[in-house]
Structure formats: structure tokens, C-alpha cells
Amino acid sequence: MAAWLDLVNDDGLWSLVDFSRLEELVQGLPHPKSQCPHLLYFVGGPSRIRALRALFPLNNVTRQGGTGLVNLHISTNTTCSRNPILFAESNLGLPKYKGQRGKPSSQSTKTSCKRHMVPLGDSSLSLEALQQIIHGQLLLPWTQIICLFIDSVLDRRAAQEFLAEPGRRLAFGKHPVMSSMRVVIVLTRQESSSSGTTESNIVEIGLETKEVIFLDLRRRSDLSDVAMFEPLRRLLQARLTQVRDEEENEGRLFSAVHLNAFWKASLMGEARFSNRGSLDLLAIARQGFPPACVQINHVRRHFDRFTAPSLSQEQMNEFIASALLMDAYPPGMHKGSTEIARYFENLVTQMTPLRSSAVIRRDCMQRFHQQYGQSVSSTVCLVCLFRPPEHMLPCQHGICENCLTIFGEPSHQAEYHIELSRCPICNDECGIIFRQLPPTKHPIILSLDGGGVRGIIQPGLLMVLETRLGVSIAEIVDLCVGTSVARKIFRGHSIPFFLRWLHWIGSAFNLFKGGRYDAQGLIEVLQDAVGPDRRIFDVSRASPVGCRVAVVASRAADGKACVIANYRGAGQRDPDAAYQFWTPGGELENPFLWQAYFSTQNLPGLGSLQDGGVRANNPLAIALRESSVIWPTAKKHDLLLSVGTGFSPSSAGSPKNSARKLHDGALPRLIQATLHSPCMDGAQGFAEALNYLPLSARSDVLRLDQAIPGPLPDLDDITQLPMLSSLAFTVSDELVRTMLASATFFFEMDEFPKNQGMLHCRGSVLCTHPRSAEIVHHVLTEFPGAARFQTGMGEYLGSVDLQDCCTGCGYFRKEIAFWVHSLEEEITIEIADMDFHHRIGGMPKSVHDLLANQKAYAPFGRPDHQMSVWPPNRRCYCMRGKKRRIQIEELSSKRRKM
């Protein structure tokens, strides 16, 4: 099969058919990521076929049968070289199947299983015009040498029309790429001389080309084909060497993987050929990359703030240039951007397979730090200068999730755990393990209501849940938003019963004073719990860092909700949002942790704060919004667990007779309305928050609460603490099973699906927790009826078995396989037994989304610089070594025939 492109007409509308021939040849190369092919384009009549037979004797290019508009082959004796030769060929005039315009060639239709139809849109264009546009706009930009074979007067005219169509230009950003294409016009028959074929009446062309060469072979027409076209062979060999050297020096020598990616992007962008502008290769290569944005003046002011000596322009430029280099050139990225190379030419020339852009950046940061000392970034990650610093290291340098992956090492504890041994900026020892959200999974969110003395119910419920799960809540929850209250801050008052009216007066007075909370007691409790010297952004080595924590407070001035958190988030927050997110900068704005929970503190940029319960006693809505900021690509959550502070199964009856008038008074109605509003009533806030969620998301929001006998205690009724502490806390079996399935297991593809009529998919169910054997043990306990993995349709995928856990390191992997009709078909993987079934994390999801989440479609490298993530190399932690730079493999000498 050699058909590459074809034209079809359906009810008067033309479409271009791509038979994925280029992708097929690229996948057939032994080392497509390091091989850089050349594309030759042969256009003409019968002499074209004779030349191809002579130049590529091992290729079958004369096969009988229908052909497409353009056919594509690979020179079989160059398949294993560093520069394989791809050669396209087509007629100079209209295709042979002119009488069959309504369908593509029968041979190409039967042999290709991956056809892509691209509507051309403009039905007014003729077949001849469309053919010219496809040549000029799609093929010529990627062609190094084009050979035009002229045998007759008709060929001469067709060649003039062919060369008159301007080719589309390539560009890196706003900078056009100089074309390296050569045009070779081959004269093969005496008929062409009698018709006045001269250089002057053919070379007047609008095509941008490096060189136009006339090769007159008419006097060699009596020789054999091999002898006749020997000068053409020598010419092509010499010109290809020149082209390779030029493109390599200018950073335009594309690998086979990159060439195929550029081709598909340009093809999909040609829904209408009316746009003849340049093709921005930089934009194509950076699809999915966060935009780089560095404000030099802002960075200079920042460093001037924290360092004594001023920065020179050269040192600042080198520091910023190395950050841009790391962002622009992850491993696998070609050196193609003339815009970046102009500013950072010196750094680009230092790059080698063993000295990546990240290594250059690290060396530059450490030189910078040695000269200018420690600097703390306020709004950007000092490592990359592009993103907010999500984590604060013990040395007080901030680092984002992306840079953490670049400079850290995969931990031997669990999937998506990163170990950072040293700070990449100052090289100080860190020794911290960070837990990341797997790309195919969605976050687990914990929302904690406020409730005064009833807040003691939440630890009781969570402790029971932890016992049932077998792991700590903090180790599986990705985001926790809420408040908590301790018993010590509610001090009792020894007041005789007959003087209780003085207590009531005091309570009324406290409405104006600030409440019945003992501020000093709260400070003592928080300092005892978290330590007096620990700050909000400090990290702990006790367990993997991963759970984001946010406390909701409110401004005393206007009551607006404020969020104080130990993270910043990668996404953008709406400046007109209903709450204010506090972003600290520097140690002066990194307060002690106990201060964040003490609601009467003054924080820079926020002013005086008060209890967040007066504004958002149930922080569910804030938690959902913050989740979208932290993980903007996750789209949704796997599970949101809202934990209440108790409810009363029975509601109080209405007062009768004379008490009704007092009960219905203005002040009692105001108090009741306030106490039962969503601001103060967590249960009511939860119910109202659900009304604003789409139906598809409500099933992933669960409520955990505890029934309290009798009427609910007042928020500051300390006499009820013994009763609340003695409650028999319970957690539903449904919640436990849901947490085990969605919080600890997720699925990843192991390879691209294979087309076998339907798509056969292979992948692995993995575990997020280091102690996977304990997780599996509790799954077998909570799913007592032969726990298994299955699809949402009930298809059996394998049992849940302790044998899938490595006894040495705890690595869990369950290999499964299933079938789908298309990449867009959604699949759901569940844990089930005879009576229950609950989906694992990240489900449901289409196969295409799974591949996209894993960056399987990342031909130009990943922003996090991970090179060997696709296809994944599944090994237990016992077998894993340290991350290393892989040198380009030597090409084998094996030959294959295409």
C-alpha cells in the first residue's frame, strides 16, 4: 500500500483523504525519535516511474492498480540510517483516476484502515486548482528536493502551473523559516526541445526555493534506466548532504516523530485552504504547554528586595534565559525556535543528550544563589519563573509541581510519589517525599463544617473511617477545606443556678464583644498541637507531602470569606470571586500555623479576621472551586466527602399559647433565621450547595454526619461535651467501599490500542498508597463476595488479589484488557462483588482521554521533562533505579522492505 493522499467528491463537496501512510512509515522505523528523514517529491509522467525504478530498485513502485493523488514510499536501503529517505510521487497533471472523481482509488481504500477525511469546504474550486493547492500548501513545505520530469509540451505547461502556486511558508513564532528546498527540472525526451523548453520560460516561478537546477538527460535516453538516471542519483545525493547540513546548523532537522506531528497538525488545520498564511511550528510544538510569561522588571524588583547587591543586566539575562530554555526545550524537543535561539544561542549550543536544559538551568541557579544569597519568590516559582510555588522547601525556597518532577526522583514508596533530596536552587538537603495526583485520576476532597463544640464529632467520625479504611485520611485525601474547634477553648463558668441569669446577660454582651471563646485557650491548644514555631508553608518529613489544606475565615470589616492555605494552585482565580485567597510572599507573610487557625489575627493583605463560620459554615462550594484551581486539567473530582457536626433526627415542635407570641417576635425570628441559614447551619449549607451542582456530579458528593439524641446543643454549650464525646460514631458501608475504590485505585494504559476489528486495550490498575497490601486486605473485607475488577457493563477483568502486591516493596499492579469500538468510547472500571460495585478513581473516561492524560500524544516532549513515560515501563519499586539520561541508541543495520 503506497497511497498517501486522495481527493473525493461527495455531493459536490471535495474532501482530502489522508491514508496515514506517513504515520505508518514512521512507526516502522527502528528509532523514529532520533532518525531525521528527508522527503523527496517526484512529479511527472512515465519518465518519473523509470527514474524511481532506477533510483530505488528495492522498492516496488510500479505495482499495477489504482493509486491516489500522491503516493509515499521509503527507501528500503535507508530505513536504518540516521536520515531515511521518504519519496512521494504523483502525476504532473491530473491523476489517472480522473474519471472516478467520486471515490478514492479502490486499492487504497481496501488496504488502509486509518483514513482521515478533511473537508476542503470551497466547492467552487476545480479539481486542477485543488490539486495545485494541496501540492503547494501541504507537501512542498516539508519537501527538501522536488524533481519535475518534463517529457512533452503538456508536461512543460503543467510544470509552469505547478511552480506558479506559492508554497506555504514555515515559521517559528513570528520569524519565517528560510526554505532549504531545491527544484530539479529533469528533461528526458527530445520532444521537449522541439516545443521550446528552455530555462527562461520555465524558471519564472513564484515558488520559494533555494536553488533551481536543470538536468538535461535527453542525450542519455538510449541508455539503460540505471545508466540514464545516474547523474540524477549523484545530484540528489550531493544536494541531500547540503540540505542536511543546513537544516542541522539552523535547528530545522526534524525527527520522524516531529515530522509526523507537524504534518498531522498542518493537515487538520486545513479545513479551508483560503488561509495561506505561514505555519507556526512553535505553536504546534507547544500545544498543551503552559504559556511562558516572565516580566523582567518584576523579577528584578523582587531580587532587589531580598538581595543586597544589585543585579547586572548580563546576569539577569542569563538567569531568565536558562529558565526560558528549560521551559522551551524539554527532552525530545527539537532545536527549532530561531526566536529562542537568537536570545539564548550560547545556552542552546551547550545542550547535549547528557546535558539537558534542566541541568543547565540548575547550574545557573546555583551559581546565581552563591553570588546573591537566598531569595524567596513571592508569586512565581524561582526555579522556572513561570508558575506559582506550590511547595515551600525547608530552605524557604518555593517550587512548583512541574519543577518538582523535573528535579526530583521517583520515590520507591508508591506511584506518583516524588523524592527531592536537595533544593535545586541552593543545593541544601531536603529529603522530602511529595505525593502527586496521578494524571488519569481525579482529586479526593474533604470538606469540614464548622460547629463550635459540636466540632468534636468530626474527629470521632474520621477516626472510625480511618479504622475501616486501614490508612490515614491525610494520606488519601488531596484537598481538605474547613475549620476545627478544640475543647480547651470553651472554658466553663461555675455559676449557681439561681444566678444563671447573669450568664445570659454575659452571653448577650458577648454578641458585641466577640463571642464566648477563650482566645488564650485557643492559642495554647494550637501551639501544643502543631508547634509554636511551625509556619503555614513549612513542610514535614513525617509523611509524604500531598494533602492541600485550606482554612476558611472571614474579614471582620465586611464579612467576606477568606481562604488561608498551604498551597497556591496552578490555575487562575477570578478577581471578582466571592472569597479572597491569601497569597503570602516572603517569611514576613508566612505566619505561624497556629495563627492561621486563630480567627482574630491580622494577616498582611487581609486585615483582622474572624470565624469563617459566619460566612461559609459549610465550605463545599469553596472546596470545589479551589480544586479546579489546583488541578485545572482534572475537570471534576472523584469524591467529595462533606463531614458535618451532628444533626437532630427530631425537630422541635412549635410553642403553644402565650409562648408563641414571644417565639414569633422580631428578635427570635432574626436569631432563628440566622442560626438556620447556610452561613451557620452546615447541613442546610450542604443541601443548598447540591442544588448548584450538575446532576452528573452529585453522585460523587457524599455526606458524613452523626445523629445526636434530643435537640442540638448550642455552639458554645460546653456542658454537652461529655455527651458528644461518648456518642457511638458510625460510618456507612457504602462510604467505606466508595473511598477504598475511588481514593486508592486508578487505571493507566500500557500501550496504544491495537486494531483487531475492534480496539484491544491493555492497561494496569495501580494503587496510590505505599501500603497497598493493607488496602487490598480491607477491600477483600469490605467486598466479601469474591471481590473483582469489572467494566461498567459487568465484563470480568480479574480478581482483587494479594498476589498482585509485591511482597518486597508493596507495589500493586493488576494487568487487565478490554475491547472498545472507538477511542472516544468511555470505559468504567469498577471493584465489585456479588452485591456491590464502585468505580475506581478517574472513571468513567474515554480511551482517548486516558492516552491524552498520560501524554501519549507528546511528540515534542513534556513540560515536566519526563522522557520514558510512554509507553510505560511497569516494574515494581524493588527493580526501579534512579532517573537517568538516556543517550541516543545506535541505529542497527537491519534492513526492511516497504
Side-chain angles (χ1 to χ4, degrees), residues 4 18 20-40 72 74 78-79 81-86 88 138-144 168-173 175-181 240 243-270 278-289 325 327-341 348 351-353 356-357 752 851-852 855-863 865-871 886 888-889 891:
W4 185 15
D18 176 23
S20 301
R21 176 63 172 167
L22 178 60
E23 182 176 359
E24 177 189 359
L25 295 180
V26 168
Q27 292 178 352
L29 293 173
H31 303 280
K33 292 183 179 180
S34 56
Q35 292 176 272
C36 301
H38 295 307
L39 177 60
L40 309 183
L72 184 64
I74 186 170
T78 65
T79 301
S81 68
R82 290 190 177 273
N83 301 110
I85 295 178
L86 302 173
L138 287 180
L139 295 181
L140 295 188
W142 312 108
T143 302
Q144 278 76 34
R168 189 175 190 181
R169 300 193 66 178
L170 305 179
F172 289 108
H175 300 272
V177 176
M178 179 63 68
S179 174
S180 60
M181 184 177 68
L240 280 179
V243 170
R244 181 193 60 211
D245 294 341
E246 288 179 7
E247 294 185 340
E248 189 169 15
N249 292 334
E250 298 174 6
R252 294 185 286 106
L253 190 60
F254 303 130
S255 69
V257 172
H258 290 168
L259 178 63
N260 183 52
F262 282 138
W263 164 257
K264 290 195 293 185
S266 64
L267 182 68
M268 294 299 105
E270 291 295 337
S278 60
L279 187 67
D280 188 353
L281 303 183
L282 184 60
I284 295 174
R286 292 186 60 84
Q287 288 180 357
F289 281 48
L325 184 76
D327 178 74
Y329 292 113
M333 182 71 163
H334 65 272
K335 301 180 182 180
S337 174
T338 56
E339 181 179 11
I340 296 178
V348 171
M351 294 173 58
T352 67
S356 66
S357 57
F752 281 113
L851 294 171
K855 302 298 182 184
Y857 310 113
F860 300 99
R862 295 167 49 120
H865 287 213
Q866 296 302 291
M867 298 178 62
S868 58
V869 292
W870 186 264
I886 302 177
I888 299 177
E889 299 180 14
L891 301 177

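Small disclaimer: the values here were computed from a predicted structure and weren't measured.
When all heavy atoms of Lys33 and Ser255 are compared, the pair lying nearest together is O-CB, 3.5 Å. Residues Thr79 and Pro84 share a closest heavy-atom pair of O-CG, 4.1 Å. Shown here for Ala256 and Leu29, the closest heavy-atom pair between the two residues is CB-CD1, 3.6 Å. Between Met181 and Leu140, the shortest heavy-atom distance links the atoms SD-O, 4.0 Å.
Side-chain N or O atoms of Thr78 include one that pairs as donor or acceptor with a backbone N or O of Ile85 at under 3.5 Å. A donor-acceptor pair is defined here as one N or O able to donate and one able to accept, closer than 3.5 Å; such a pair exists between the side chain of Asn249 and the backbone of Asp245. Listed for the Gln35 side chain is a donor-acceptor partner under 3.5 Å among the backbone atoms of Ser81.
Side-chain atoms of Gln866 and Lys855, non-hydrogen and from C-beta on, never get closer than 4.5 Å to each other. Side-chain contact between Asn260 and Pro859 is absent, with no heavy-atom pair separated by less than 4.5 Å.
For the atom pair CG (Leu72) and CD (Glu24), the distance works out to 9.5 Å, reported to the nearest 0.5 Å. For the atom pair CD (Glu247) and CG (Asn83), the distance works out to 9.5 Å, reported to the nearest 0.5 Å. For the atom pair Phe752 CZ and Gln27 CD, the distance stands at 8.0 Å (nearest 0.5 Å). Between the CG atom of Leu86 and the CH2 atom of Trp4 there is a distance of 8.0 Å, given to the nearest 0.5 Å. Note: His865 NE2 to Ser356 OG = 7.0 Å, rounded to the nearest 0.5 Å. Separating the SG atom in Cys36 from the CZ atom in Arg82 is a distance of 9.0 Å, to the nearest 0.5 Å.
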Begin with the C-alpha distance, continue with both residues' side-chain angles, and end with the deciding distance and a verdict on side chain to side chain contact (heavy atoms under 4.5 Å, CB included) for Met351 and Leu325. CA-CA 10 Å; Met351 294 173 58; Leu325 184 76; 3.8 Å; yes
Criterion side chain to side chain contact (heavy atoms under 4.5 Å, CB included) on Met178 and Glu246, from CA distance to verdict: CA-CA 10 Å; Met178 179 63 68; Glu246 288 179 7; over 6 Å; no
Side chain to side chain contact (heavy atoms under 4.5 Å, CB included) assessment of His38 paired with Leu253: CA-CA 9 Å; His38 295 307; Leu253 190 60; 4.2 Å; yes
Working note: Leu279 + Trp142, criterion side chain to side chain contact (heavy atoms under 4.5 Å, CB included); need CA distance, chi angles, decisive distance, verdict. CA-CA 11 Å; Leu279 187 67; Trp142 312 108; 3.6 Å; yes
Intermediate values then yes/no, salt bridge (charged side-chain N to carboxylate O under 4.0 Å, His left out), Asp280 and Arg286: CA-CA 10 Å; Asp280 188 353; Arg286 292 186 60 84; over 6 Å; no
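Between Phe860 and Phe262, the gap from one ring centroid to the other is short of 6.0 Å.
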